[in-house]
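Down below is the structure, laid out as structure tokens.
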Amino acid sequence: QVQLVESGGGLVQAGDSLRLSCAQSGRTFSSGAMGWFRQAPGKEREFVAVISWSGGTTNYADSVKGRFTISRDNAKNTVSLQMNSLKPEDTAVYYCAAGGLVGVPTITLRPAYWGQGTQVTVSS
């Protein structure tokens, strides 16, 4: 019953910025962490960013650290990913996810629900 809908993807040039948003519709996942994964053609889906329910804990993949920022607004049941200084290697389908926060051995997200994905393409 939990539905996650991503928006904000598109085609941009290297160095540009995009802001992805994920909205919960229907029944909300109100007590867990949320985050983002991405999947490029021929590659496995990889972790990008996670944020705890309170917003007090975040973590990022090394490849995006310093460029991407995750945030959430529990009053609006949304989570966002601000992506700056985009590179061609960021090209992928980006998926919003909700689930449990895992802290060992590193802080990440164990997904229970997935959005449909939104395409991000960065040209050089």
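As the structure is a prediction and not an experimental result, all values here were calculated from the model.
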Any side-chain heavy-atom pair from [X] and [Y] closer than 4.5 angstrom?
X	Y	result
E6	Y94	no
N59	T108	no
R38	S63	yes
K87	V122	no
V5	Q116	yes
W114	C96	no
V120	M83	yes

Transitive ILVMFWY side-chain link [X] to [Y], under 4.5 Å:
X	Y	value
V79	V93	no
W36	L18	yes
L109	V2	no

Over all heavy atoms of both residues, which pair between [X] and [Y] is shortest? Give the atoms and the distance, please.
X	Y	value
A49	L81	CB-CD1, 4.1 Å
S17	N84	OG-OD1, 2.9 Å
R19	S71	NH2-OG, 3.7 Å
A33	V50	CB-CG2, 4.2 Å
R72	G32	NH1-O, 3.2 Å
A40	T91	CB-O, 3.8 Å

If you measure from [atom1] on [X] to [atom2] on [Y], what distance do you get to the nearest 0.5 Å?
X	Y	atom1	atom2	answer
I51	Y60	CD1	OH	7.0 Å
M34	S52	CE	OG	12.0 Å
F68	L20	CZ	CG	8.0 Å

Distance-only donor-acceptor check, side chains Q82 and S80, under 3.5 Å |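 S80 and Q82 do not have a side-chain donor-acceptor pair below 3.5 Å.
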side-chain hydrogen bond (donor to acceptor under 3.5 Å, both in side chains) partners for S123, two or more places apart =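 With sequence neighbours excluded, S123 shows a side-chain hydrogen bond (donor to acceptor under 3.5 Å, both in side chains) to no residue whatsoever.
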For F47, all residues meeting ring-ring contact (aromatic ring centres under 6.0 Å, His included), sequence neighbours excluded |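 ring-ring contact (aromatic ring centres under 6.0 Å, His included) check on F47 returns F37.
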Verify, without hydrogens or angle tests, whether D16 (side chain) and L86 (backbone) share a donor-acceptor contact under 3.5 angstrom.
->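 Not at all, since once roles are kept as given, no pair shorter than 3.5 Å links the two residues.
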Pair W53-L101, side chain to side chain contact (heavy atoms under 4.5 Å, CB included): steps then yes or no | CA-CA 9 Å; W53 175 83; L101 187 69; over 6 Å; no
Hey, is D62 close enough to K65 for a salt bridge, meaning N to O under 4.0 Å?
->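 Between K65 and D62 there is a salt bridge, with a charged N closer than 4.0 Å to a carboxylate O.
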